[in-house]
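Take a look at the structure set out below.
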Amino acid sequence: MKVTMKDGQVQEFTFEDEIGRDTFRHTTSHILAQAVKRLYPETKLAIGPSIKDGFYYDFDRPEPFSQEDLDAIEKEMRKIVKENLPLERFTLPRDEAIAFMKEKDEPYKVELIEDLPEDSVISFFKQGEFTDLCAGPHLKTTGGVKAFKLTSVAGAYWRGSEKNKMLTRIYGTSYPKAADLEAYLKQLEEAKKRDHRKLGKELGLFTMMEEGPGFPFFLPKGMVLKNTLIDYWRDIHYRENYVEISTPIMLNRQLWETSGHWDHYKENMYTTVIDETDFAVKPMNCPGGMLVYKSQPRSYRDLPLRMGELGLVHRHEKSGQLHGLMRVRCFTQDDAHIFMTQEQITDEIKGVARLIDEVYSLFGFKYHVELSTRPENSIGSDEDWEIATEGLRKALDELNLPYVVNEGDGAFYGPKIDFHLEDSIGRTWQCGTIQLDFQLPMRFEAEYMGADGEKHRPIMIHRVVFGSIERFIGILIEHYAGKFPVWLAPVQAKVLPISEKNAGYAKEVYETLRQNKIRCEYDERNEKIGYKIREAQMEKVPYMLILGAQEEENKTVSVRLRDTGETVSMSLEEFMERVKKETAEKTASQA
């Protein structure tokens, strides 16, 4: 595809290139805006960028758009594509650009231009009768966009601020081929069925309350799931010689000034005053980990020191960005902070990367890796950043892990490696991360006694595997569509007596399972067995034990398998051994 760049030059890209994909979808957003202005001329335009998997455009209209309006807008968009209008770039000085947008009665565009420096040259793109403020890049003509779909409508505050007016945001996506669009839309439909908010409610895992927006409530079955993940986390970290710590949820301002968070992250922190001193609820665990490190003298013999913490952190997210367990205001971060010498950097990073690989492989996730480098708002010397970045790069190279470089997307205190996992329907999620940090040990004046008898500064790794346990649970719910493997299932087996005559035997089986620490429930309702089976199937319980006169006489259990619908007969001891084996081995699915 031919792309008109910000400087007016034309270059060739494909949809596989990120810039080509973004250009294709950004052009589609302009087609959307043109269609809206044709159909609803009174509408004011805000912004319309490309985003992951699509695009959106924000509009201000006296009567907000609804889902029902999308068909008419799509029809007009198809006309614009058929017209094959060229996208022509032109520029104006700032004052003329403001006058131009005022003449078109586009107040949001005027505001955007007024925020630019007075000597700015403002870029516009014109297609037919429609002109939009835009830096580009864009396709050469509207005719290049043939496969598109408007997917949803939502509210969005102008510039993301709750103090501003609520606009209507129309989301959509586009592809060069109709088959690719169809495949994506099928994925969207599958994602709706797997929505963790829907399944979380149906399966009794978690809920959100009006009294605490963004603060999830875990229900009994959800706590079993959460604690099972935590037990697994503790097992593998004990094996890898981590020690576990716990640090306070709230610490004073001086600590956050020392760490740099007060200056660089304060807008995301909850603060309060205690005894006339400013305090903040921790958004991250690392400063508390630094205090633990400094709580006693350290020697080179203590390094590497691997300290893990399942720390509850709080971050202020805007209400419009909250989304089930995926975007919350408090979550449990499975942190670890590794203190080491410069010589130990590569081996420690490789050890963490192997651990993350082991965890993701257990759950059946594929993943890809990104190396994120120094951002504009960074702290620290050029030399430290170079050493840190090369340390991460070297570890990835020695592990033969393919990666892409994400320029300028590191943390303010150091570069990082991000692990983006792919779930069972092809969506990607950023979870694991490894961040190398020279700055925090320096800011906190952390030291260790070297073999030479001199004091040295340790280097620090920040890393998470799950990322947020709550978010990881949300991902797992959607990845498995609620059908958790036996080792992870909140209820591993459901005991279903065929009639009241078999209740005594069923109760005996239930108690035996409990004594053997098999997570089970007993359905003693006076309902037909078919109804009980259907309900257990809806609850996605891996095993249903159907117990009637024959099973009681033979002292066996008829086991219905959730995933295949097959029913097999076996002794209770055989069944328990099967469940224990699958739990111990963390089998991915039923045999």
Side-chain angles (χ1 to χ4, degrees), residues 22 25-81 100-115 124-125 127-134 142 145 147-174 181 184-185 188-189 191-192 195 197-198 208 210 213-214 316-324 326-327 329:
D22 287 346
R25 288 169 171 163
H26 186 43
T27 301
T28 318
S29 81
H30 276 228
I31 296 171
L32 163 61
Q34 184 176 12
V36 165
K37 290 294 283 187
R38 282 184 177 183
L39 296 172
Y40 314 98
E42 75 283 3
T43 304
K44 308 304 177 194
L45 304 176
I47 58 170
S50 65
I51 55 174
K52 185 180 182 297
D53 295 329
F55 59 88
Y56 69 77
Y57 211 110
D58 289 345
F59 301 100
D60 183 5
R61 181 173 173 240
E63 182 181 343
F65 292 107
S66 65
Q67 195 73 28
E68 289 69 37
D69 295 317
L70 299 189
D71 286 345
I73 297 171
E74 278 187 6
K75 186 176 180 181
E76 191 63 35
M77 289 174 69
R78 283 191 282 274
K79 290 181 184 177
I80 294 167
V81 169
F100 181 61
M101 283 289 103
K102 283 183 176 178
E103 183 182 341
K104 287 187 169 291
D105 194 18
E106 295 291 357
Y108 297 101
K109 304 294 184 181
V110 171
E111 183 179 327
L112 291 171
I113 299 170
E114 287 177 340
D115 286 347
F124 294 87
F125 274 82
Q127 55 198 61
E129 83 289 352
F130 176 77
T131 301
D132 203 352
L133 169 71
C134 187
T142 60
V145 180
F148 60 85
K149 180 69 178 174
L150 301 182
T151 54
S152 62
V153 176
Y157 290 108
W158 169 236
R159 293 190 151 183
S161 173
E162 296 173 13
K163 297 176 182 178
N164 292 334
K165 187 172 183 179
M166 175 71 79
L167 307 178
T168 302
R169 177 170 294 177
I170 297 180
Y171 285 98
T173 192
S174 57
L181 174 63
Y184 174 74
L185 294 176
L188 278 187
E189 284 303 308
K192 286 180 184 176
D195 190 321
R197 296 167 298 178
K198 172 177 173 286
M208 310 300 288
E210 289 181 4
H316 177 61
E317 300 284 356
K318 294 174 182 175
S319 59
Q321 296 175 323
L322 300 175
H323 180 76
M326 304 302 194
R327 197 74 178 264
R329 287 172 169 161

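For Arg197, the side chain to side chain contact (heavy atoms under 4.5 Å, CB included) partners at least two apart in sequence or on another chain are Asp195, His323. Glu63 pairs by the side-chain hydrogen bond (donor to acceptor under 3.5 Å, both in side chains) definition with nothing, not counting sequence neighbours. Residues passing the side chain to side chain contact (heavy atoms under 4.5 Å, CB included) test with Ser29, sequence neighbours excluded: His26, Phe55, Tyr57. Scanning for side-chain hydrogen bond (donor to acceptor under 3.5 Å, both in side chains) contacts around Glu42 gives Arg61, with sequence neighbours left out. A search for side chain to side chain contact (heavy atoms under 4.5 Å, CB included) contacts involving Gln321 returns Glu317, Lys318, Arg327, not counting sequence neighbours. Under the salt bridge (charged side-chain N to carboxylate O under 4.0 Å, His left out) criterion, Lys198 pairs with Glu202, sequence neighbours left out. Qualifying salt bridge (charged side-chain N to carboxylate O under 4.0 Å, His left out) partners for Asp115, counting only residues two or more places apart in sequence or in other chains: Arg159. Residues forming a side chain to side chain contact (heavy atoms under 4.5 Å, CB included) with Ala191 (at least two apart in sequence, or on another chain): Ile425, Arg427. With sequence neighbours left out, the salt bridge (charged side-chain N to carboxylate O under 4.0 Å, His left out) criterion links Asp60 to Lys165. Every salt bridge (charged side-chain N to carboxylate O under 4.0 Å, His left out) that Arg78 has, sequence neighbours left out, goes to Glu74.
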Enumerate donor-acceptor pairs with a distance under 3.5 Å from any side-chain N or O in residues 66-73 to protein atoms, sequence neighbours excluded.
| unit_1 | atom_1 | unit_2 | atom_2 | d |
| --- | --- | --- | --- | --- |
| Ser66 | OG | Glu68 | N | 3.4 |
| Ser66 | OG | Glu68 | OE1 | 3.1 |
| Ser66 | OG | Asp69 | OD2 | 3.4 |
| Gln67 | NE2 | Thr151 | O | 3.4 |
| Asp69 | OD2 | Ser66 | N | 2.8 |

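For residues 43-55, the salt bridge (Lys or Arg N to Asp or Glu O under 4.0 Å) pairs, not counting sequence neighbours, are Lys44-Asp105.
To the nearest 0.5 Å, atoms CD1 (Ile31) and CZ (Phe148) are separated by 7.0 Å.
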